[in-house]
Asker: 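One structure is given below, represented as structure tokens, and several questions about it will come after.
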Amino acid sequence: MTDIPAPRHIPDRLDKPLSSAIFSWEALLVVVAVAIFAINSFASPYFLDPYSLSDLTFNFTEKGLIAFAMALLIISGEIDLSVAAIIALASTMMGMAVQAGAGTPVLVLIGIVVGLGCGAFNGLLVTRLGLPSIVVTIGTMSLFRGIAFIILGDQAYKGYPESFAFFGQGYVWWVVSFELVLFLVAAIVYWLVLHRTSFGRRVFAIGNNPVAAQFSGVRVGRIKFILFCLTGLMSGIASVLITSRLGSTRPSIAQGYELEVITMVVLGGVSILGGAGSILGVVLAAFIMGLVTFGLGLLNVPGIVMSIFIGLLLIIVIALPIVWRRLRGGR
Amino acid sequence: ENVKIALVVKSLGNGFFDAANKGAEEAAKELGDVDIIYTGPTKATAEAQIEVVNSLIAQKVNAIAISANDADALVPVLKKAMERGITVISWDSGVAKEGRQLHLNPSDTGLIGETIIKLAADYLPEGGDVAILSASSTATNQNAWIDAAKKILPEKFPKIKLVATVYGDDDSAKSTDEAKGLLKSYPNLKAIIAPTTVGVVAAAQVVTDEKLIGKVNVTGLALPSEFKKFIDNGASQAVALWNPIDLGYSAVYLAHDLAVKKEEAKPGATLSIGRVGKVTLDDTNSAAMAPPFQFDKSNIEKFSKIY
Amino acid sequence: MKALLKYREIWLLAAIAVLVGLISTRFPAFADPGNLRQVFNDTSILMILALGQMVVILTRSIDLSMASNLCFTGMVVAMLNAAHPAIPIPLLIVIALVVGLVLGAINGLLVWRLNMPSIVVTLGTLTIYRGATFVLSGGAWVNADKMSPDFIGFQRAAFLGIPVLSWIAILVIALFFVLMTRTALGRSIYAIGVNPTASVYAGIDVGRTKFIVFCISGMIGGLSGYLWISRYVIASVEVANGYELNIIAACVIGGISIAGGIGSVGGAVLGALFLGIISNALPVINISPFWQMAISGSAIILAVVLNARGERQQGRIILKKVEAVT
Amino acid sequence: MLDNTHPAHIVRDPPHKGEGNAAPRLTLSGVSKSFPGVRALHDVSLSLYPGQVTALIGENGAGKSTLVKIMTGIYQPDTGTISIDGQAVTLPSAHAAFGYGVTAIHQETVLFDDLTVAENIFLGHAPRTRFGTIDWRTMRKNAREVLDAMHAGHIDADTRLKDLGIANKHLVAVARAMSIDAQIVIMDEPTAALSMKEIEELFLLIEFLKSEGKAILFISHKFDEIYRIADRYTVFRDGEMVGEGLIKDAGQSQIVRMMVGRSVDHIFPQRKAEIGAPVLSVSGLSHPTEFNDIGFELHKGEILGFYGLVGAGRSEVMQAISGITRSTGGTITLEGKTIAPKSAADSIDAGIVYVPEERGKQGVVIGLPIFQNVSLPSLKRTSRSGLLRLSEEFALARSYTERLDLRASSLSQDVGTLSGGNQQKIVIAKWLATAPKVIILDEPTKGIDIGSKAAVHGFMAELVAQGLSVIMVSSELPEILGMSDRVVVMREGLVAAVYDNKELDAETLVRSAAGIAA
Ligand SMILES: Nc1ncnc2c1ncn2[C@@H]1O[C@H](COP(=O)(O)OP(=O)(O)OP(=O)(O)O)[C@@H](O)[C@H]1O
Ligand SMILES: Nc1ncnc2c1ncn2[C@@H]1O[C@H](COP(=O)(O)OP(=O)(O)OP(=O)(O)O)[C@@H](O)[C@H]1O
Ligand SMILES: [Mg+2]
Ligand SMILES: [Mg+2]
């Protein structure tokens with residue numbers, strides 16, 4: 001080896017953080033959210049009212065809580081379609097506990113533990129048996145809700161204790177509901193975990209290349225298992241909130257929530273193929289979905305027509321950056 | 001400013017509720033100062049109905065008249081509505097007592113239960129096996145009717161044997177599967193009773209397809225305009241229903257009475273409902289309207305043009 | 001014989017035979033040829049849909065909007081029929097195919113031209129198409145009463161003792177069989193699933209093929225729209241709500257790998273048949289309807305576990321003596 | 001002597017024409033291509049002649065693969081023209097290139113594992129029946145004919161591709177090129193994963209293609225091969241063409257100088273043997289299907305070479321040692337303690353790291369930036385109580401990548417946009433950064449250019465000097481001979497022999513690996 005030249009210096013980054021922030025996904029979502037907020041304020045005189053705005057948050061807090069965990073799961077390259085069914089099963093178990101005379105703390109514990117258990121069951125099937133999660137959770141989706149139907153049949157559980165109502169109906173301060181506070185706290189926790197810890201970094205690595213991650217000493221199976229458990233846990237928490245809000249349990253509770261949660265996550269800029277996404281995006285997407293549904297609700301637009309807007313929003317928001325890049329002259 | 005009364009239905013698009021809306025508009029015209037907001041979810045779930053109610057609260061409507069997808073789950077949000085000064089009544093499919101000021105039953109629950117069995121029994125002088133194809137297993141009103149029917153069966157119709165109750169979820173595909181299953185499992189089945197407008201059509205179509213007209217009689221609750229065909233082809237001898245137009249009309253009248261005239265809803269109170277007459281509240285603040293009306297070959301033609 | 005056992009379809013067929021056997025211990029008439037023919041007829045629409053979904057899944061995509069497409073197209077033909085009963089049924093079927101094709105092409109274009117993940121596109125159109133049905137119909141239902149006798153009767157007419165619906169299913173199965181095994185398009189579809197990069201290098205236009213695949217699933221959705229509506233004689237916004245998951249479940253049970261590239265026409269058909277038999281049999285053998293959901297959920301999980309067993313590759317064998325032993 | 005400061009100065013001898021008077025089959029002129037932040041190709045020209053092999057030579061990231069992708073219609077050039085047989089053409093898609101008879105065996109194998117050999121050969125241009133459907137019978141027959149013509153009759157046209165060895169897969173790729181009657185065949189580092197025996201087979205095939213009058217572009221970092229097979233050469237540096245000519249007129253040092261702009265004599269680093277006590281000992285390690293009864297010892301400060309034909313099971317053994325695959329028996333002892341790693345994480349914690357050979361699949365995490373790739377196995381050290389510290393990560397990444405002479409525009413660049421060889425440098429950097437006791441390098445210099453190879457080898461020498469122990473799996477004889485203290489030869493999943501480097505020559509090794517008695 002003769003004359004080795006001095007090593008070439010490689011800079012940390014090329015682009016300025018500011019300019020990349022301006023052209024980021026989150027910036028796009030902020031613009032969309034502000035626009036919808038403005039449109040809503042013009043379209044309905046009832047919109048800009050503290051009570052209305054407070055009621056609005058109920059449209060997304062429960063789904064949003066699940067969306068955080070789902071975001072991590074999707075970033076890692078997996079998916080969970082059984083979240084709504086977990087809600088149903090957890091709620092049914094809480095109902096059974098009420099029949100047996102359980103008090104509020106026990107109820108909350110049961111909701112959370114059942115959610116966690118269901119998540120662990122999904123996680124085991126996926127990580128231990130190496131099955132594709134989309135398929136497994138289509139199966140457990142029927143299984144979990146099916147068990148709720150077996151237990152409850154055409155009956156309903158009610159008679160939840162008075163104090164239990166706080167979780168889904170209570171306010172922490174003025175119009176700030178307990179659900180909203182929980183949502184915001186969870187947002188911060190999940191943001192920290194995903195973007196500021198090595199656990200979060202490993203989640204990204206798994207989503208981009210699970211094999212290389214495994215070779216790099218990432219315990220892929222364990223992390224995915226934890227993520228399924230987390231998603232189950234959040235579904236359990238959501239189950240507590242919804243059950244408390246409805247004050248009763250039926251096996252058909254939360255039907256169809258799974259697709260709304262996934263829509264929220266994808267709208268938030270999480271790549272459905274795994275490997276990319278941010279919690280801030282999910283938070284913004286949750287607000288946007290709440291704003292759209294509530295704003296259109298004020299105009300008495302039927303829910304199904306709202307879903308057209310959500311569907312369009314989803315496609316347009318995802319397509320926009322692609323079209324934009326094309327126009328600015330890629331290939 | 002006009003009085004805003006929201007007519008919240010289980011799901012949009014259902015012919016029964018569209019007819020009720022006609023009645024509601026008629027009442028609004030008579031009352032003069034009323035705007036009707038006809039709304040509801042597309043999917044018959046409690047959660048979706050709660051979002052609808054929330055947006056009505058935000059719009060500060062004067063009254064909500066709701067046909068509920070779930071008797072209990074809607075209670076908290078309706079309570080909130082009442083706290084914010086909104087009059088809440090339920091009609092058709094009720095809400096638990098603490099979630100509304102009064103409930104308007106289309107007809108007496110026991111009477112409906114009896115009627116659906118009687119519709120089958122009338123054409124089975126020898127007696128025989130019958131089965132019930134219901135809507136979703138969580139539907140409040142259907143469950144109440146079925147219970148009433150079961151209660152009355154041994155004393156009034158001893159020769160009729162109820163062999164099964166299945167649920168079609170008000171989904172035509174599922175109702176069809178269930179109806180087929182009934183015919184296969186019970187070869188001696190003489191009648192299918194479907195106390196739901198979706199299920200009854202599905203069952204009648206299955207009986208027609210399986211060429212069992214004359215062997216199995218389909219009956220239950222049906223909208224004449226949707227069901228005429230099966231009376232005509234003989235798959236069904238007769239069905240019953242109350243008048244949804246009158247129901248919507250009365251619901252709006254009652255909501256108006258409570259919201260504007262500040263009438264009080266308490267047990268024993270008698271309230272007037274325009275051209276339909278008067279109702280008296282029982283001790284659960286419920287009132288029942290007319291008995292179910294029967295449709296057969298003689299009158300279906302006429303009523304199918306109305307609702 | 002041993003070679004035959006390698007095929008997943010044989011195992012699935014065996015599983016179905018066992019299932020039918022089990023059911024007939026509790027309800028002997030179930031295994032009658034007449035009844036089985038009826039089960040086939042009852043499952044026809046699911047089979048057709050599963051085939052349409054299969055070609056999409058084979059290319060590593062997914063079409064979540066099929067059930068909504070079915071709902072929309074069904075409403076279109078139902079309203080057309082109600083308004084103009086004179087339109088002949090074959091023309092209505094062509095219209096259904098075209099409407100379905102257009103909806104499928106919208107999915108396909110977004111996937112092809114904008115390179116968007118299919119799951120996102122069809123998650124969006126899933127709600128859009130169903131919402132569009134509401135807008136189109138104003139929320140009103142089209143009931144049996146408004147449909148012409150031909151509209152309802154066409155699929156029920158018997159030909160050689162078998163209903164037209166079954167014949168349509170048989171025809172679709174045959175077409176797909178030829179498509180997948182005998183045409184260049186079919187092979188490209190497999191190739192894309194096996195290795196998309198290699199497909200580009202092999203000169204296959206991956207984007208365009210995906211577009212075509214979505215057009216196919218769209219047409220299938222449209223065709224099923226007519227079949228569904230005329231079968232269940234009601235067109236509403238709620239038609240086949242959530243059915244997309246049943247379609248995917250049928251594919252999965254039939255051994256079509258969600259990761260693309262693996263699966264066959266026979267598998268899709270048998271997978272649909274398996275689900276069809278379960279939903280057909282439960283009411284018959286008197287299992288409480290409340291058990292139905294849990295049972296079909298367990299069946300899906302079981303099928304996936306078994307399929308995965310079969311799929312697990314047994315690595316290359318380096319050791320000579322091991323090779324000699326087996 | 002070459003003027004370093006003017007890379008545009010082009011050495012041409014003899015200009016333009018090939019041997020004889022044959023006209024070029026394919027000519028590229030003035031081709032440029034940029035990616036965001038990178039100028040991959042700038043105004044390059046290249047001609048390929050019938051019946052001749054042109055070697056394309058250049059450092060990692062010089063733009064070779066990019067050029068191949070332009071010639072095969074996968075990328076579009078920003079400027080420049082392509083002409084085939086004198087006609088200017090555009091190649092908007094791979095299909096179009098196909099139509100002009102251009103075919104490539106790409107750097108990463110791009111075939112269909114789950115399809116049969118016949119289908120792999122004929123996908124996209126299968127013979128049809130009268131009805132326009134695929135004629136399977138003719139297809140099989142034609143496949144057999146093509147394979148026979150290439151002396152590859154041992155390959156069954158009906159087997160699935162995944163059941164073939166890597167060398168046979170290459171043959172299938174070539175058969176595919178033959179089947180479309182390709183006139184221009186491009187091979188992008190076809191020998192990177194092959195060992196001697198397979199390389200010889202491939203060369204026979206290239207000779208055959210030459211005799212059929214095909215124009216061949218051959219890309220490789222191995223000079224012995226280039227001198228064996230090529231007629232002409234073209235050298236790229238930093239995306240520019242810096243020289244071309246007849247291979248017989250140019251010496252290796254001359255070409256290397258053109259390539260890197262300085263002279264590099266690749267001499268394996270001198271090391272004073274200071275081999276200590278055993279660090280890692282393996283005995284009786286077995287696996288049901290891949291290997292059996294593997295035993296060896298690795299000493300402190302030693303480089304232990306593992307040689308064998310491709311598919312001999314070396315990688316599997318190494319993956320078992322590092323906990324990635326499970327073994328069914330045997331013991332692994334590290335510094336006197338028996339260990340049973342159940343995952344790569346376990347073995348990294350214990351101090352054994354495995355640098356995998358398949359960089360795309362197992363090595364780099366495409367989608368993450370360079371610095372995150374490097375820090376991934378070392379996150380425990382670069383983060384504090386679970387919280388990330390980016391500055392630490394950048395520092396770690398910088399210290400390792402700069403020493404390996406990485407060519408990248410910044411450390412935040414996605415590794416997916418790096419050239420193949422530069423990705424390999426990331427792979428090595430990331431496991432070195434874990435500061436292990438034992439490092440297992442599986443084909444560490446696969447696809448790395450001559451200059452960087454020297455850097456990697458220098459690095460290895462330094463590591464052992466610091467007291468680390470290295471296992472180096474390699475299929476390159478010179479590397480095995482030049483670097484190892486001892487060599488373990490594996491054959492068909494078994495240890496065939498262990499040699500001390502002193503008594504070793506190439507022939508012994510090859511015979512032992514192939515199982516031919518001396
Ligand atoms: N898709 C891409 N996006 C951005 N940069 C790219 C892309 N593809 C290649 N490059 C850059 O273009 C340059 C040339 O890459 P190329 O793959 O052609 O190198 P190469 O000569 O084949 O190297 P090697 O010998 O390592 O394979 C590199 O700097 C690489 O980082
Ligand atoms: N049948 C095959 N199909 C595809 N790739 C193969 C096949 N056989 C070997 N390879 C590739 O060749 C390389 C070496 O194969 P393998 O790891 O099985 O054997 P090895 O003895 O460990 O060889 P190496 O000397 O390359 O480490 C790997 O890149 C592997 O992917
Ligand atoms: Mg390259
Ligand atoms: Mg190897």
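Below, each value reflects all heavy atoms present in this structure, side chains not excepted, and no hydrogens, waters or symmetry copies. All chains are named by letter (A, B, ...) in the order of the sequence lines, taking the proteins before the strands, and each is independently numbered beginning at 1.
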Asker: Is chain A contacted by the side chain of C/Leu114, its backbone, both, or neither, given a heavy-atom distance below 4.5 Å?
Answerer: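 For C/Leu114, heavy atoms of backbone and side chain both lie under 4.5 Å from chain A.
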Asker: Using a cut-off of under 4.5 Å for heavy-atom pairs, which of A/Leu125, A/Leu314, A/Leu267, A/Val135 has the most such pairs with chain C?
Answerer: A/Val135
Asker: Does atom CZ (A/Phe309) have a neighbourhood of more than 12 heavy atoms from anything else shown, all under 6.0 Å?
Answerer: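 Atom CZ in A/Phe309 is not packed in, count stays at 12 or less.
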Asker: What part of A/Ile322 gets within 4.5 angstrom of chain C, counting heavy atoms only: side chain, backbone, both, or neither?
Answerer: side chain
Asker: Looking only at heavy atoms, what is the nearest atom pair of C/Gly297 and A/Ser142, with distance?
Answerer: CA-CB, 3.4 Å
Asker: Minimum heavy-atom separation for C/Gly131 and A/Ile308, please, with both atom names.
Answerer: C-CD1, 3.3 Å
Asker: Can you tell me how far the CG atom of C/Leu245 sits from the CD atom of A/Glu258, to the nearest 0.5 Å?
Answerer: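 Between C/Leu245 CG and A/Glu258 CD, I get 7.0 Å after rounding to 0.5 Å.
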Asker: To the nearest 0.5 Å, what is the distance between CD1 on C/Ile248 and CG on A/Leu81?
Answerer: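 Here the interatomic distance stands at 8.0 Å.
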Asker: Using non-hydrogen atoms and a 4.5 Å limit, figure out which bit of C/Val304 sits close to chain A: side chain, backbone, both or neither.
Answerer: both
Asker: At what distance, to the nearest 0.5 angstrom, does CD1 of C/Ile62 lie from CD1 of A/Ile272?
Answerer: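 Answer for the CD1-CD1 pair, C/Ile62 versus A/Ile272, is 10.0 Å.
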Asker: Supply the atom-to-atom distance A/Leu143 CG to C/Met293 CE, rounded to the nearest 0.5 angstrom.
Answerer: 10.0 Å
Asker: Please name the residue in the list A/Thr137, A/Thr140, A/Ile138 that meets the side chain to side chain contact (heavy atoms under 4.5 Å, CB included) test with C/Ile300.
Answerer: A/Ile138
Asker: Less than 4.5 Å to any heavy atom of chain A: does that hold for the side chain of C/Ile128, its backbone, both, or neither?
Answerer: both
Asker: Looking at CD1 of A/Ile134 and CD1 of C/Ile258, how far apart are the two atoms once the value is rounded to the nearest 0.5 Å?
Answerer: 5.0 Å
Asker: Going by side-chain hydrogen bond (donor to acceptor under 3.5 Å, both in side chains), name the residues that satisfy it together with A/Ser307, two or more places apart in sequence or in a different chain.
Answerer: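 Once residues adjacent in sequence are excluded, A/Ser307 has no partner under the side-chain hydrogen bond (donor to acceptor under 3.5 Å, both in side chains) criterion.
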Asker: Which answer fits C/Val135, side chain, backbone, both or neither, if we ask what part of it has an atom under 4.5 Å from a heavy atom of chain A?
Answerer: side chain
Asker: Restricting to pairs with a member in residues 101-123 of chain C, which pass side chain to side chain donor-acceptor pair (under 3.5 Å), not counting sequence neighbours?
Answerer: C/Ser65-C/Asn107, C/Asn107-C/Thr125
Asker: Can you tell which of A/Val136, A/Ile147, A/Val323, A/Leu312 has the highest number of heavy-atom pairs within less than 4.5 Å of chain C?
Answerer: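 Most pairs with chain C among the choices: A/Leu312.
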Asker: Go through A/Gly139, A/Pro132, A/Ser271 and name the one with the most non-hydrogen pairs under 4.5 angstrom from chain C.
Answerer: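 Of the options given, most contacts go to A/Gly139.
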Asker: Indicate the atoms forming the closest heavy-atom contact of C/Met116 with A/Ile315, along with that distance.
Answerer: CE-O, 3.7 Å
Asker: Let me know if C/Leu64 has heavy atoms under 4.5 Å from chain A in its side chain, its backbone, both or neither.
Answerer: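 Contact with chain A: none, neither part.
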Asker: Taking atom CD1 of C/Ile301 and atom CE of A/Met141, what is their separation to the nearest 0.5 Å?
Answerer: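 Answer for the CD1-CE pair, C/Ile301 versus A/Met141, is 12.0 Å.
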